[in-house]
Trainee: 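Just dropping this structure here.
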Amino acid sequence: MCGTLRASDAGKTVTLMGWVNRRRDLGNLIFVDLRDRTGLVQIVIDKESNPALHEKASRVRSEYVLAIVGNVKKRDDSTINKNVPTGEVEIIAHELRVLNDSKTPPFAPSDQAIGNEEVRLKYRYIDMRRPEMQANIELRSKVSLAIRKELSSHGFLEIETPFMTRSTPEGARDYLVPSRVYPGSFYALPQSPQLFKQILMISGFDKYFQIVRCFRDEDLRADRQPEFTQVDLETSFPTQDRVFEVVEAFLVAAFREAGIELKPPFPRMKYDDAIRKYGIDKPDMRLPEITDVREVFTEENLNALSLDPLLPVVAVRIPKVGELSRKERDDNKQLVASKPGVKVIDDLKRLEKSFPDAVTKLRATVEADADDLLVIVAGAPTEERTGLAMRKAAEAVYTSAGAMRLALTQKYKDKHGAFNKTGTANDYRFLWVTDFPMFEYDDKDGRWNAAHHPFTSPHEEDFGKLLSDPGAVRALAYDIVLNGTELGSGSIRIHRQDIQKQIFNALGMTDEEARSRFGFFLEALEYGTPPHGGIALGLDRIIMILAGADSLREVIPFPKTAKAVDLMVDAPTPVSATQLKELGIAVKG
RNA sequence: GGGGACGUAGUUCAGUUGGUUAGAACGCUGCCCUGUCACGGCAGAGGCCGCGGGUUCGAGUCCCGUCGUCCCCGCCA
């Protein structure tokens, strides 16, 4: 192959096939860089030694597909190119065949600056000829294989589940597939194989996994595509620790493919601690946590600052940012949409004039260096003093501080350098977040929703609070977080039908409603369901992080745009009236 | 659904306060060139300034609308 030839291959006769990356025509001497999946090699065509060949080569253009027969020759010392792996050799062509010509492409795979995404996506086949894309897609294949091997070696079976399945009203919007046989009825593409994998546990396949496509009709982000791939797994008779071990094992195998040697076990943190220390349920561990600095202020201090002494006062520390100008501080306030009742103090100098003792204590408490940026986040006195109101106000302080921490670390990443790559496992800070709340209160609808999904088991000791105090029920649910990105989410499931019913009731569903939505599943639970649990991880996100990419589109061969359009095939499209009629569907103008 | 950025040659971009024939680089075409590797030199072609309306003597430039791409919020059990 083109990219694999080395000085040790000198003297061999080789047949190479590939694309013309670049042609350098010096008149009677032509150089062609031939490119295939493995890289580039320089072909030499000399008019003097082969005029007919030279004539053919002079008509060759970028992205023509060539077959070359030639001799591998070690280059003279003066002509070695140290910038390419094959730079010590070149191919003296004896024969050249144009297998296909090419229109001038809208952009060249050999270009240093890559074109805009619209053009890249429309001409994805050319974009994917670029070495970066080739490397990402190769990495994806290797990582998938490593995960399959690892899970298989632990006794997991890869089992397929349907893509055409049943719509469930919970969760994300479904992509629907109309049924021709039953006009007006629809299949749904799975948001995840959740219920199928639980059924497989009931069926006795005690260790299941699948690298599987999932579909969610929600708005996109750089790290969210409407169809994406999960590494999905489930085991019977699990413990949380057992699930963590299996995931850590396959992540070690996956990262090894990218030359990173991870060191499990990964640290763990309870959800409540994550909120208190990082103001978010997916903390980025590469920077210092938020510090509680309530104690450095007296009650008089806080009253003078119009801050509520009963609410948390926390400090966000961003190392090595130095002093900020007035303008920068104003700009920074724009970074985070301020929540009502949350106050931000970002001018320590001014604070120091009025409260010198507090600021001295503050610096000591957060162990701040002189050039560290400190921002204080606290709460204005709340009007309502009930327990729930105070809890919400406190959470608003934590999450605002968390958002501030993220925005500032992003903005000043050049200064603190915490995101700089070292090429070691230290670049990848994994974290298990555990003990998520079972329910979240939905202010709009005035009811409780499942924080993870409604098949998640609560902590056994919280069973009693399911109806009396849903907000206090902890779930056996866990997330795996990498550098502030949620990679995966899982739980120990409910295997008792009576508990499952209670959960549906707590979610405000009557028995009839539960039966109409999940009847098949509730029935299955009654036939000897083993305890079981599992997790699903976003494969695309894993590859994205390993590839050092900023967008999922860099690691998905044929991705969709932010408006969920495939620019290459131009999908979605309207369909013919005949098709619609056959499906019994009428489209409103 | 909301906010922001962008849209000018095949590509990446510049285009002043609204004022003559809209520029550059790369790419492309032709010619020259035997050691280049982002080859070099000379010459040339290439534009619905996203689209539609408006203001104006005059619009790439100002206003309104619309479409597209990207980022964020909402949303994503």
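Convention: sequence-line order gives letters A, B, ...; per-chain numbering from 1.
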Trainee: Taking all non-hydrogen atoms of both residues, which atom of M133(A) and which atom of D127(A) are closest, and how far apart?
Mentor: CG-O, 3.5 Å

Trainee: So what does R120(A) touch, heavy atoms closer than 4.0 Å: a base, only the sugar-phosphate, or nothing?
Mentor: nothing

Trainee: Does the ring center of F504(A) lie less than 6.0 Å from the ring center of F518(A)?
Mentor: yes

Trainee: Is a side-chain donor-acceptor pair under 3.5 Å present for T4(A) with R6(A)?
Mentor: no

Trainee: Base, sugar-phosphate or nothing for P106(A)? Non-hydrogen atoms, less than 4.0 Å.
Mentor: sugar-phosphate

Trainee: Should the side chain of D219(A) and the base of G74(B) be counted as holding a donor-acceptor pair, with the cut-off at 3.5 Å?
Mentor: yes

Trainee: Within the 3.5 Å criterion, strictly below it, is a donor on T38(A) or D36(A) matched to an acceptor on the partner's side chain?
Mentor: yes

Trainee: Establish, from distance only, whether the side-chain atoms of D232(A) and Y208(A) form a donor-acceptor pair under 3.5 Å.
Mentor: yes

Trainee: Might you work through the salt bridge (charged side-chain N to carboxylate O under 4.0 Å, His left out) test for R493(A) and E234(A), ending with a clear yes or no?
Mentor: CA-CA 10 Å; R493(A) 326 296 182 186; E234(A) 193 81 5; 2.7 Å; yes

Trainee: Would you say T161(A) and Q210(A) are linked by a side-chain donor-acceptor pair, where the criterion is simply a distance under 3.5 Å?
Mentor: yes

Trainee: Select base, sugar-phosphate, or nothing to describe what A451(A) touches, counting heavy atoms under 4.0 Å on all strands.
Mentor: sugar-phosphate

Trainee: With both distances kept under 3.5 Å, what pairs with C70(B), Watson-Crick or G-U wobble?
Mentor: G4(B)

Trainee: Any idea which heavy atoms bring S489(A) and D479(A) closest together, and the distance?
Mentor: OG-OD1, 2.7 Å

Trainee: Which parts of nucleotides 29-42 of chain B does protein reach within less than 4.0 Å, heavy atoms only, written one letter per nucleotide 5' to 3' as B for base, S for sugar-phosphate only and - for none?
Mentor: SS--BBBBBSB---

Trainee: For A14(B), give the paired nucleotide (Watson-Crick: N1-N3 plus N6-O4 or O6-N4; G-U: N1-O2 and O6-N3; both under 3.5 Å), or none.
Mentor: none

Trainee: Look at the aromatic rings of F244(A) and W432(A) and report parallel, tilted or perpendicular, splitting at 30° and 60°.
Mentor: parallel

Trainee: Give the ring-plane orientation class for F455(A) versus H453(A), where under 30° counts as parallel, over 60° as perpendicular and anything between as tilted.
Mentor: tilted

Trainee: Looking at G65(B), which nucleotide sits across from it as a Watson-Crick or G-U wobble partner, both distances under 3.5 angstrom, or is there none?
Mentor: C51(B)

Trainee: Within residues 186-194 of chain A, which residues have any heavy atom lying less than 4.0 Å from an atom of RNA chain B?
Mentor: S192(A), Q194(A)

Trainee: How does protein reach along nucleotides 2-8 of chain B, written 5' to 3' as B (base within reach of a heavy atom under 4.0 Å), S (only sugar-phosphate), or - (no contact)?
Mentor: -------

Trainee: Consider only side-chain N and O atoms of R553(A) and Q225(A), and report whether a donor and an acceptor are under 3.5 Å apart.
Mentor: no

Trainee: Suppose we define a pair by two distances each less than 3.5 Å, Watson-Crick or G-U wobble; what does G30(B) pair with here?
Mentor: C42(B)

Trainee: E118(A) side chain: which of C76(B), C72(B), G68(B) is closest?
Mentor: G68(B)

Trainee: For K413(A), look at atom NZ and say whether over 12 heavy atoms of other residues, nucleotides or ligands are found less than 6.0 Å away.
Mentor: no

Trainee: Any strand counts, and the cut-off is 3.5 Å on both contacts for Watson-Crick or G-U wobble. Which nucleotide pairs with A59(B)?
Mentor: none

Trainee: Between the base of C70(B) and the side chain of R553(A), is there any donor-acceptor pair under 3.5 Å?
Mentor: no

Trainee: OP1 or OP2 of C75(B) sitting under 4.0 Å from any side-chain N/O of R224(A)?
Mentor: no

Trainee: For G47(B) versus U55(B), give the span between their C1' atoms, rounded off to a whole number of Å.
Mentor: 25 Å

